[in-house]
There are 2 protein chains.
Amino acid sequence: MDINALRDAHPDHWNRAAAIRVLTLDAVAAANSGHSGMPIGMADVATVLWSKHLKFDAKNPAWPDRDRFILSAGHGSMLIYSLLYLSGDEQITLDEIKNFRQWDSRTAGHPENTHAAAIEMTTGPLGQGIATSVGFAMAEEMLRARFGKGAVDHHTYVIAGDGCLMEGVSQEAIGIAGRYGLGRLVVFWDNNDITIDGKVSLSDRTDQVQRFKAAGWHVQEIDGHDPEAIDAAIVAAKAARDVPSMIACKTHIALGHAAQDTSKGHGALTNAEQNAEAKALWGWTTGPFEVPAEIKSWWEEVGSRGATARGEWETRLAALSDRKQAEFARVTAGEAPKKLSSVIRALKKQNSEAAPKVATRKASEMVLEVVNPVMPETVGGSADLTGSNNTKTGDMGVFDTTDRKGRYVYWGIREHGMAAAMNGLGLHGGLRPYGGTFMAFTDYARPAMRLAALQKTPTVFVMTHDSIGLGEDGPTHQPIEHLAISRATPNMLVFRPADVIETAEAWEIALTQTETPSVLSLTRQNVKTVRTQHKTNNLVEKGAYVLADAEGKRQVILMATGSEVEIALAARDLLQAEGIGTRVVSMPCWELFEAQDEAYRKRVLPGGPVRVAVEAAARFGWDKWLLGERGREAKAAFVGMESFGASAPADVLYEKFGITAEAVAEKAKALL
Amino acid sequence: MDINALRDAHPDHWNRAAAIRVLTLDAVAAANSGHSGMPIGMADVATVLWSKHLKFDAKNPAWPDRDRFILSAGHGSMLIYSLLYLSGDEQITLDEIKNFRQWDSRTAGHPENTHAAAIEMTTGPLGQGIATSVGFAMAEEMLRARFGKGAVDHHTYVIAGDGCLMEGVSQEAIGIAGRYGLGRLVVFWDNNDITIDGKVSLSDRTDQVQRFKAAGWHVQEIDGHDPEAIDAAIVAAKAARDVPSMIACKTHIALGHAAQDTSKGHGALTNAEQNAEAKALWGWTTGPFEVPAEIKSWWEEVGSRGATARGEWETRLAALSDRKQAEFARVTAGEAPKKLSSVIRALKKQNSEAAPKVATRKASEMVLEVVNPVMPETVGGSADLTGSNNTKTGDMGVFDTTDRKGRYVYWGIREHGMAAAMNGLGLHGGLRPYGGTFMAFTDYARPAMRLAALQKTPTVFVMTHDSIGLGEDGPTHQPIEHLAISRATPNMLVFRPADVIETAEAWEIALTQTETPSVLSLTRQNVKTVRTQHKTNNLVEKGAYVLADAEGKRQVILMATGSEVEIALAARDLLQAEGIGTRVVSMPCWELFEAQDEAYRKRVLPGGPVRVAVEAAARFGWDKWLLGERGREAKAAFVGMESFGASAPADVLYEKFGITAEAVAEKAKALL
């Protein structure tokens, strides 16, 4: 590249973009780690986007109708930190830039949404940004349809790299975005021909332009260092209103640095001499972290421009009816409606009396049927298992190109894309997403499920067919380790309700979370209603509770979750018939039980009696409850799965794998 | 569809294919569960493929040079069961067909490779088949290059559905296959326009033909019910020698049944009247499960034809040098070379003396540098992190279109596709795959990792950067729950070696497995050599062992893995200095420790002393070792992670998260 020619062609633009390049180089050098090449390569695109198109107000980074900017190639974090500092963000200060990648700084190695209001989402695991952005763009369509263009009218811009596009989840994302015609979604592909291992051609020869076109996208190819071409492409992308846009930006990674166009340029450029040479070539003469006042003030002016748009938006919002304004404020704040608890309570009352024998996936549908009408911010969906996950209720309508008010999404066979897009729906604000698949396919959704927890967004993952109880589909479809997988994950609530009542209580908790995602582990097979005595209190909130206490001397405690609670109750009957006092503890949510004080935990699980836990899943993790917090020799046993499952009818499997009331009672007696 | 016209156009073909349709209908009806529509829709393609192209010998289903047939759309399992029964497979008998989806039958809901020799892999989780088949096809190329066309010369055929193609992993797979020009790979897309939720157009509008072309595939579109068109397409696909082929087969799901072309047709067709109507329309008059003798014997003749090809292959093989034959037999049997243990032992001896302070990822590279030259069946690779995972050794060469002998694969940023393809390399036979990524990206590879365990194939997953010790990249890249995820999975060995010696021992075990995949959890940061006294025995084989025993009265046992073993040793120094007798137990592999007899386990972990475990990860699962198998009050504590990590230098993180020798010693003392 002839840097001089680039500089001379657009000297003002060059210097403004160079500020990003210089800050990146200095911050990475100071941290002695990070990724220099991408921000240097994409500085031109970012400068044009932020100064000519992005609707943002640096002093109010979280106002609802801002454009969303998502750095899918999250390793290039110094790009967004530079942009935020330059344009006057109050959280990403120069000190933060200097503290890049240090303890307690806002400027983490990869952008984290919990560190600064202007960071829309946490990126770093490749492909997550582009997949989550689909949810952001979908949220904009839904909310615009609901509240009108006066309240909601913005774009979602994404910068993605080759890594994002090679990850499978990107295919799911471009498929969803193409299908649903998300015209406000604009993806810039940093087409720099470089990955960590070398040239892209080393591992990939996909024609990305044709690939995006095959999914119905509007695609352009431009020189990613030509500000006029960048501007024109963004204009054209916005003009393509009915389809998402991809702009393939031909760029040079680490432009102008000795490492330009090499995989070395991807990483941390810390050679002082080479860095000095690059700065000189860029025409930069100030010291480390110094940005000439004229350039800084130009950027700050850019950052302040959005105040006008925000002001106009506030005026438009104020013109809405009081009711609509209040509703907009409520959903934007993520507050559950007041009616939620009353419809849950009514459902509990009715069903504790009716005591239906239904699968908890069906119970979940019964809950959603009463919740969705009073909670218009819910967005439901399934990865092509609607009739199995029971996620669609009568009132929702179906989201489509012709119906943006529809609240149900047919995600297709795309568990990962669904999970990521759900995170985007939630992170955008104003909506509360839930979506279903089979629990074994937690595996497919995992990267996005973890990111929900890390990003503190309360996505609800509806995981049905939650054990060998699904029967004939066999071990590929039977979760064994999946409860453990989600339980081991920080900041995640895992609910395995025993019946319709616990299912309702679990939903109530999940739908009122503001920072924690939930997994609902639900049966395919019918289960008895075990909570036949109505209580207005939400017992699941305690995580575990005494469902049936011992008669006579308490010798045994049986612990169970979900479909195995009725097995524990039947085992209790066997034991009590022999005069062995037996308590049954239902444990629908370990995390909430752990959050109770020690006194409550010891009241539910006193140290004396022998303990048997029963769960049609791996024992892994159960020892904490079987053995922990006890003041004497721990006599305990587990009834569950020690291997993968098998293909056969559910009742045969329970029998063959020995998960029966008789087996539970025998294990308890053997310990006495 | 005009079924009569189809029948009349090719009456013989029709009846042969109809046998598949009828068996499917009868088996699903008998099981009252399953998926009827796909085998009915794809019966024509399967009949032409198996009778005119597929190289197989029904009586010797596992001979090494057979063509591979992979049913990626595994729910259509009755397709392969029908084909196997009809053509005379000795394991899939008529009784097995009648026992479809029942306990102990070979005919599970989804095909399982452990149930019959002719089933190449376990499918069901969508997309896995097509992604794994990439590894099968790659294996053929590699082995043909190594042993010559006389020994290895076959094709890999795959049937994939819309679900497979919507799953993200399929994009990774088609990218890899396109990049590496896998000309022997032929994918049939069952283009039936139907998913479970309804028409494909409900959730997807991707032009699959253009998408595959964008990745460099040879693509054809045919009528999937026209046997001549199917035959011609397969001929053309085989003629396209340098690129993989996709044949888009326009089919009608549940052809000729009342449920034809509907999503109902996808599932179990059990309506007796409708089934009878369909059979009549197909021109079938026999009772349930009855195949006219003429048709059965035609199929059996098809099944016997391959005996000739097999015989010719045996002759060609016998013409190879004795050494080459022995080597072919060895690698095909999955036997490790005799030299493996001696190079490992030499490396251990050398390094227990040199006691280098290296990261275990580097130690892993040191091991591979001595192993790969004596183990030519290894295939290494990385998902674009070669220099970080340290997976490439000097002698391997790089697999490419121009070098099929290369043993290193640049997989690109495709953890999931890599993991699935590695499974295929192993399942094919003759190769031993290992591949690397960051441990946090276990999440991306999970579906294929689970399937490795379920399929009993010994893939080695090299997971580096295995804790907060990776430092500045921050919480998106720092595994917390990932040890628990893999440990909770049945049939998986999870190794977290403490130093170069344990790393060598772990590799030796992983490379000699025949039925169990391994996860190697390796550090980014340098660690001390803790095993400075050379032992020829492989101590990791015991799973856990006493690394340093207490001096004086044994009051404390410290348990640790990986990088935290040196912290435990330092804590022991602190405690011993205060006169507190402290044992350190290194626990590199829980699963192997669990497999030891109780006497050994109690010798290593006697019940008396207080126990403190230290691992820079979630506590989840540790309570088993902290609290279990003890005859008295369990005094125990854990030092590790209770949240996600953070972005900062590694030593700062260890300090800030309290994972230090001082913290371990304090916890131990508090318990005394």
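First the proteins, then the strands, lettered A, B, ... as listed; each starts at 1.
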Side chains of B:Asp443 and A:Pro125, heavy atoms from C-beta outward: is any pair under 4.5 Å?
no
Chain B contact via A:His482 - side chain, backbone, both or neither, heavy atoms under 4.5 Å
side chain
Contact winner vs chain B - A:Thr386, A:Thr489, A:Asp473, heavy-atom pairs under 4.5 Å:
A:Asp473
Heavy-atom proximity to chain A below 4.5 Å, by part of B:Ala131
neither
Measure A:Arg487 against the heavy atoms of chain B and call it side chain, backbone, both or neither at under 4.5 Å.
both
Might you work through the side chain to side chain contact (heavy atoms under 4.5 Å, CB included) test for A:Asp623 and B:Leu627, ending with a clear yes or no?
CA-CA 8 Å; A:Asp623 289 285; B:Leu627 308 170; 5.9 Å; no
Heavy-atom distance under 4.5 Å to chain A: side chain of B:Ala646, backbone, both or neither?
side chain
Working note: B:Arg446 + A:Ile485, criterion side chain to side chain contact (heavy atoms under 4.5 Å, CB included); need CA distance, chi angles, decisive distance, verdict.
CA-CA 11 Å; B:Arg446 254 302 290 179; A:Ile485 288 172; 3.5 Å; yes
Within 6.0 angstrom of B:Glu591 CD, more than 12 heavy atoms from elsewhere:
yes
Is it true that A:Lys656 and B:Asp104 have a side-chain N and a carboxylate O under 4.0 angstrom from each other?
no
Pick from A:His110, A:Gln102, A:Arg619 with the largest number of heavy-atom pairs that fall under 4.5 Å of chain B:
A:His110
Find the distance between CD (A:Glu472) and OG (B:Ser105) and round it off to the nearest 0.5 Å.
10.5 Å
Region of A:Gln478 that comes under 4.5 Å of a non-hydrogen atom in chain B
backbone
May I ask you to decide whether A:Glu481 forms a salt bridge with B:Arg450, counting only side-chain N to carboxylate O separations under 4.0 Å?
yes
Where does A:Trp103 contact chain B at under 4.5 Å (heavy atoms): side chain, backbone, both or neither?
both
Check whether more than 12 heavy atoms from other residues, nucleotides or ligands sit under 6.0 Å from atom CD of A:Gln210, and answer yes or no.
yes
Give, as side chain, backbone, both or neither, the part of A:Tyr444 having an atom under 4.5 angstrom from any heavy atom of chain B.
both
In terms of heavy-atom proximity below 4.5 Å to chain B, should A:Thr195 be classed as side chain, backbone, both, or neither?
both
Interchain contact, A:Ala445 with chain B, by part (heavy-atom threshold 4.5 Å):
neither
Honestly, the part of A:Trp590 sitting under 4.5 Å from a heavy atom of chain B is side chain
Looking only at heavy atoms and a cut-off of under 4.5 Å, which of A:Asn99, A:Asn491, A:Thr206, A:Thr476 has the most pairs with chain B?
A:Thr476
What residue, out of A:Leu385, A:Asp162, A:Val652, has the most heavy-atom pairs lying under 4.5 Å from chain B?
A:Leu385
With a 4.5 angstrom heavy-atom cut-off, which part of A:Pro479 approaches chain B: side chain, backbone, both or neither?
backbone
Using a cut-off of under 4.5 Å for heavy-atom pairs, which of A:Gly621, A:Pro475, A:Gly474 has the most such pairs with chain B?
A:Pro475
Using heavy-atom distances under 4.5 Å, tell me whether B:Phe644 contacts chain A through its side chain, its backbone, both, or neither.
both
Under 3.5 Å, which donor-acceptor pairs link side chains of residues 168-179 of chain A to any protein atom two or more places apart or in another chain?
unit_1	atom_1	unit_2	atom_2	d
A:Ser170	OG	A:Cys164	O	3.2
A:Ser170	OG	A:Leu165	O	3.1
A:Ser170	OG	A:Glu167	O	2.8
A:Ser170	OG	A:Arg211	NH2	3.0
A:Gln171	OE1	A:Arg211	NE	2.8
A:Gln171	OE1	A:Arg211	NH2	3.2
A:Glu172	OE1	A:His416	N	3.4
A:Glu172	OE1	A:Gly417	N	2.7
A:Glu172	OE2	B:Gly168	N	2.6
A:Arg179	NE	B:Ser201	O	2.6
A:Arg179	NE	B:Leu202	O	3.1
A:Arg179	NH1	A:Asp400	OD1	3.0
A:Arg179	NH2	A:Asp400	OD1	3.2
A:Arg179	NH2	A:Asp400	OD2	3.2
A:Arg179	NH2	B:Ser201	O	3.4
A:Arg179	NH2	B:Leu202	O	3.3

Hey, could you give me the CG/CD1 distance between B:Asp384 and A:Ile196, rounded to the nearest 0.5 Å?
5.0 Å
Would you sort out whether A:Ser203 and B:Arg414 count as a side chain to side chain contact (heavy atoms under 4.5 Å, CB included), showing the intermediate values?
CA-CA 10 Å; A:Ser203 58; B:Arg414 304 182 181 106; 4.2 Å; yes
Out of A:Pro447, A:Gly74, A:Gly34, return the one with the most heavy atom pairs under 4.5 angstrom to chain B.
A:Pro447
Can you name the salt bridge (charged side-chain N to carboxylate O under 4.0 Å, His left out) partners of B:Lys624, sequence neighbours left out?
B:Glu594
Name the region of A:Glu112, side chain, backbone, both or neither, that has any atom closer than 4.5 Å to a heavy atom of chain B.
side chain
Side chain, backbone, both or neither: which part of B:Thr123 has a non-hydrogen atom closer than 4.5 Å to chain A?
backbone
Could you tell me which portion of A:Thr122 (side chain, backbone, both or neither) has an atom closer than 4.5 angstrom to a non-hydrogen atom of chain B?
side chain
Please classify the contact of A:Tyr180 with chain B as side chain, backbone, both or neither, using a heavy-atom distance under 4.5 Å.
side chain
Name the region of B:Ser33, side chain, backbone, both or neither, that has any atom closer than 4.5 Å to a heavy atom of chain A.
side chain
Is the shortest side-chain N to carboxylate O distance from A:Lys213 to B:Asp207 below 4.0 Å?
no
